[in-house]
Amino acid sequence: MEKQSGYTWKLGMFVTIGLLLFIMAVYFIGKQQNLFGSTFHITSQFKNVSGLEVGNNVRFSGINVGTVEEIKLINDSSVIVVLVMKEDVRKFIKTDARASIGSDGLMGDKVLTISPGLKSQTIIEDNGQLASIDGIEMADLMKSVKKSVDNVGVISEELAIFSHSMNNGNGALARLVRDDKMANSVSNTLSNLETGTKGFSDNMEAAKSNFLLRGYFKKKEKEKEKKQEEIKEKKEEKQEKAAKEKEQKEKELKEQKEKEEKEKQKQQEAKKAEAEKKKSN
């Protein structure tokens with residue numbers, strides 16, 4: 001009898017622990033799927049959901065705030081995603097918020113992310129719709145990477161050809177790089193050009209001192225001075241004209257102000273006379 005009661009006690013404990021674990025599992029799963037507590041729904045339309053599945057998390061500002069409840073294919077280019085969200089985050093989601101699909105880590109599950117709006121202050125309603133942002137597809141990314149790699153390959157090949165032609169070619173640039181004599185020749189040519197330019201400048205200075213050409217250069221200098229004087233006179237005339245215009249405007253404003261004061265004084269005298277007249281009557 002005592003042995004049977006011991007078995008019964010152990011069986012009861014096992015069943016009780018099993019029920020507690022079951023309830024905890026149901027509560028945990030229900031909490032993850034937003035089955036408990038107040039919720040509201042949001043929809044968003046995408047061209048491609050990129051592997052998003054029912055039950056995936058919805059994040060707002062990096063926090064899990066809901067789950068994907070339903071994914072409906074409308075046509076060949078439109079997919080409606082229905083989200084179930086926690087009611088206490090609705091006050092933070094405005095009508096200009098946007099939904100996008102990303103990954104939880106590099107190779108993790110898909111996550112629907114809601115980005116906050118910038119201008120609108122209107123809170124989204126239950127069963128409201130958010131605008132969507134189409135994510136970058138892996139195929140498009142791989143195409144872009146492949147194109148970049150191909151371009152790098154072409155550039156490397158061209159650099160190799162250029163380097164080979166510089167080392168083994170007979171062109172002027174290759175000879176300039178490899179042939180010391182040609183490099184010295186180019187250097188001497190540049191030096192001669194510099195010397196010639198300096199000599200030309202010296203000759204011009206000497207020509208100015210020559211009595212035969214002195215009159216020509218003096219004439220040029222006088223013409224240059226005359227032009228500078230004309231520019232200076234025009235500038236002074238312009239400044240003088242601007243000063244006169246400014247003085248005239250100030251004078252007109254002063255006269256207008258005096259006129260207004262006289263009219264104001266006349267009106268005050270007329271009012272005063274009228275008041276005295278009424279008082280005497």
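These numbers were taken from a predicted model, which means no experiment stands behind them. Numbers for residues simply follow the sequence, beginning at 1.
The shortest heavy-atom contact between I71 and L52 is CD1-O, 3.2 Å. Residue I133 comes nearest to F46 through the heavy atom pair O-CE2, 4.1 Å, listed as atom of the first residue, atom of the second, then distance. Residues S50 and I101 share a closest heavy-atom pair of CB-CG2, 4.4 Å. The two residues S120 and K94 have their closest heavy-atom pair at O-CG, 3.5 Å. D126 and H41 get closest at one heavy-atom pair: OD1-N, 2.8 Å.
Under the 3.5 Å distance criterion, the side-chain polar atoms of N56 are left unmatched by any main-chain donor or acceptor of V111. Not one N or O on the side chain of S44 forms a donor-acceptor pair closer than 3.5 Å with the backbone of V81.
Interatomic distance, L130 CG to I42 CD1, rounded to the nearest 0.5 Å: 5.0 Å. Atoms NZ and CD, on K226 and E233 in that order, are 10.0 Å from each other to the nearest 0.5 Å. In this structure, K251 NZ and Q248 CD are separated by 6.0 Å, a value rounded to the nearest 0.5 Å. Here the CD atom belonging to E261 is positioned 8.5 Å from the CD atom belonging to Q265, to the nearest 0.5 angstrom. Rounded to the nearest 0.5 angstrom, N127 CG and L83 CG are separated by 11.0 Å. Note that the OG1 atom of T113 and the CZ atom of F60 stand 11.0 Å from one another [nearest 0.5 Å].
By the 6.0 Å contact criterion, CD on E258 is enclosed, its count of non-hydrogen atoms from other residues, nucleotides or ligands being greater than 12. Under a cut-off of 6.0 angstrom, the local environment of CD in E125 is sparse, with at most 12 non-hydrogen atoms contributed by other residues, nucleotides or ligands.
Residues passing the salt bridge (charged side-chain N to carboxylate O under 4.0 Å, His left out) test with E87, sequence neighbours excluded: R90. Residues that satisfy the salt bridge (charged side-chain N to carboxylate O under 4.0 Å, His left out) test with E240, not counting sequence neighbours, are K244.
Between M85 and I114 there is a side-chain heavy-atom pair separated by less than 4.5 Å. By the 4.5 Å heavy-atom criterion applied to side chains, T67 and N57 are counted as neighbours. In this structure the side chain of V68 reaches within 4.5 angstrom of the side chain of V58, judged on heavy atoms. The shortest side-chain heavy-atom distance between K110 and S103 falls under the 4.5 Å cut-off.
Cluster membership for I74 and V82, using ILVMFWY side-chain heavy atoms within less than 4.5 angstrom, is shared. The hydrophobic cluster containing I63 also contains V89, counting ILVMFWY residues as joined when their side-chain heavy atoms lie under 4.5 angstrom apart, directly or transitively. One hydrophobic cluster, built from ILVMFWY side chains closer than 4.5 Å, holds both V54 and L112.
For the side-chain contact (heavy atoms from CB on, under 4.5 Å) test with K259, the passing option among K257, E263, E255 is E263; the others fail.
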